[in-house]
Amino acid sequence: MTTSLEQAPSSTSDTGSHAQLPSVPVVFTTQPEIREQLLSVTRCAEKQLAIWSTNLDSSLWETSSLLEAVKRFVLARRHARVRILMPQLPEPGARKHALFAMAERLPASFEIRTVANAGLDAGELVLSDDRGVLYRIHSERWDGMANQNDLLVARFYLAQFDTAWRAAAPLAANDELSEL
C-alpha cells in the first residue's frame with residue numbers, strides 16, 4: 001500500500017523543474033509500487049542518476065517503461081550522467097542486463113563501478129540529481145520510501161554515494177561491459 005506523508009514545501013529558491021515538484025514522501029511495500037516510484041524518481045532527473053543496487057533486480061530494472069525513461073533521460077540531455085554502483089558485476093557469460101547493454105551503446109553517459117563495502121545505509125538507492133530519492137533498507141524486501149523533491153534526504157544519501165563512488169573500482173572502459 002502506497003502512503004503519502006505530507007511535508008512542508010521546501011523554502012529554497014532553487015530554479016528548474018524540481019522547484020515545482022511537491023516534497024511528498026511516498027512509502028511503498030509492494031513490487032508494483034516500487035516500480036511506479038522508481039519510474040517517478042527516474043523521470044524527474046535532469047542531470048544525473050546515481051544508482052546503488054546489490055543486483056539490479058530485473059523485475060524492477062528491466063521493465064520496458066523504466067528502460068525507456070532512462071533512455072529518454074540520456075538521449076534528451078547533452079550531459080546526462082548515469083552512475084551505477086554495485087558490490088560486484090554479474091558473472092561473465094550470464095545474460096547481459098539491459099542497463100549494461102544500454103551503457104555499452106551509450107558509454108559517454110554511463111559509468112559503472114564496483115565496491116565490496118560501499119558503506120551505504122541502504123539496500124538499494126536511486127538518486128535523481130540532488131533532490132529525488134528512492135530508498136530501500138533491504139534489497140530482498142519491497143518496502144521503502146521515495147520522494148521526487150527532498151533536498152535534505154537526497155543530499156545526505158548523495159554524499160554517502162559519492163564517498164563510496166570514489167572508493168570504487170571503475171570498469172576498464174567498455175571491455176568489461178562487452179564481456180557481460
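Annotation for Ala98 and Glu62: closest pair N-OE2, 2.6 Å, computed over non-hydrogen atoms. Smallest separation of non-hydrogen atoms from Thr54 and Ser139: OG1-OG, 3.1 Å. The two residues Ser53 and Trp61 make their nearest non-hydrogen contact at OG-NE1, 4.2 Å. The minimum heavy-atom distance linking Ala69 with Leu39 is given by the pair CB-CD1, 3.7 Å. Heavy-atom minimum distance, Phe73 versus Val82: CE2-CG2, 3.8 Å. Summarising the geometry of Pro170 relative to Ala168, their closest heavy-atom pair is CD-O, 3.5 Å, with the distance given to 0.1 Å.
Judged by distance alone, with hydrogens and angles left aside, the side-chain atoms of Glu33 form a donor-acceptor pair with the main-chain N or O of Thr30 at under 3.5 Å. Panel note: side chain Ser128, backbone Leu49; no donor-acceptor pair is recorded below 3.5 Å.
You'll find the side chain of Met102 reaches within 4.5 Å of the side chain of Leu67, heavy atoms only. Proximity of Leu134 to Gln148: side-chain heavy atoms (C-beta onward) are nowhere separated by under 4.5 Å. Put simply, the side chain of Trp142 reaches to within 4.5 Å of the side chain of Arg136, judged on heavy atoms. Using a 4.5 Å cut-off on side-chain heavy atoms (C-beta onward), Asn147 and Ser23 make contact. Side-chain contact between Arg35 and Leu38: absent, with no pair of heavy atoms (C-beta onward) separated by less than 4.5 Å. Using a 4.5 Å heavy-atom cutoff, the side chains of Asp143 and Val27 are not in contact. Residues Trp52 and Pro87 form a side-chain contact, since some pair of their non-hydrogen atoms from C-beta on lies under 4.5 Å apart. Considering only heavy atoms from C-beta on, Val133 comes within 4.5 Å of Met145 through its side chain.
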Does the side chain to side chain contact (heavy atoms under 4.5 Å, CB included) test come out yes or no for Leu127 and Val41, once each step is laid out? CA-CA 7 Å; Leu127 302 161; Val41 169; over 6 Å; no

Quick one: do Gln31 and Ser59 satisfy side chain to side chain donor-acceptor pair (under 3.5 Å)? Show the steps, please. CA-CA 8 Å; Gln31 186 182 39; Ser59 69; 2.6 Å; yes

Evaluation steps, side chain to side chain contact (heavy atoms under 4.5 Å, CB included), between Phe100 and Leu89: CA-CA 10 Å; Phe100 292 155; Leu89 294 175; 4.0 Å; yes

Going through the distances and angles, do Glu104 and Phe110 end up as a side chain to side chain contact (heavy atoms under 4.5 Å, CB included)? CA-CA 8 Å; Glu104 192 174 358; Phe110 282 83; over 6 Å; no

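With respect to the salt-bridge test (charged N to carboxylate O, under 4.0 angstrom), the residues Lys47 and Asp129 do not qualify.
Two different hydrophobic clusters hold Leu158 and Leu152 under the rule that ILVMFWY side chains link at heavy-atom gaps under 4.5 Å.
Each of Asp57, Leu60, Ile137 was checked for a side chain to side chain contact (heavy atoms under 4.5 Å, CB included) with Glu124, and the lone residue meeting it is Leu60.
Residue pairs that meet the salt bridge (Lys or Arg N to Asp or Glu O under 4.0 Å) test with at least one member in residues 160-169, sequence neighbours left out, are Arg83-Asp162. Identified under the ring-ring contact (aromatic ring centres under 6.0 Å, His included) test for residues 116-138, with sequence neighbours left out: Tyr135-Tyr157.
No side-chain donor from either of Thr163 and Gln160 sits under 3.5 Å from a side-chain acceptor of the other.
For the atom pair CG (Leu125) and CG (Leu85), the distance works out to 9.5 Å, reported to the nearest 0.5 Å. For the atom pair CG (Leu99) and CD1 (Ile51), the distance works out to 6.0 Å, reported to the nearest 0.5 Å. Between Met86 atom CE and Asn55 atom CG the span is 6.5 Å, to the nearest 0.5 Å. The distance from the CZ atom of Arg43 to the CZ atom of Arg72 is 8.5 Å, given to the nearest 0.5 Å. Remark: Arg77 CZ to Ser109 OG distance equals 11.0 Å, nearest 0.5 Å.
Scanning for salt bridge (Lys or Arg N to Asp or Glu O under 4.0 Å) contacts around Lys71 gives Glu68, with sequence neighbours left out.
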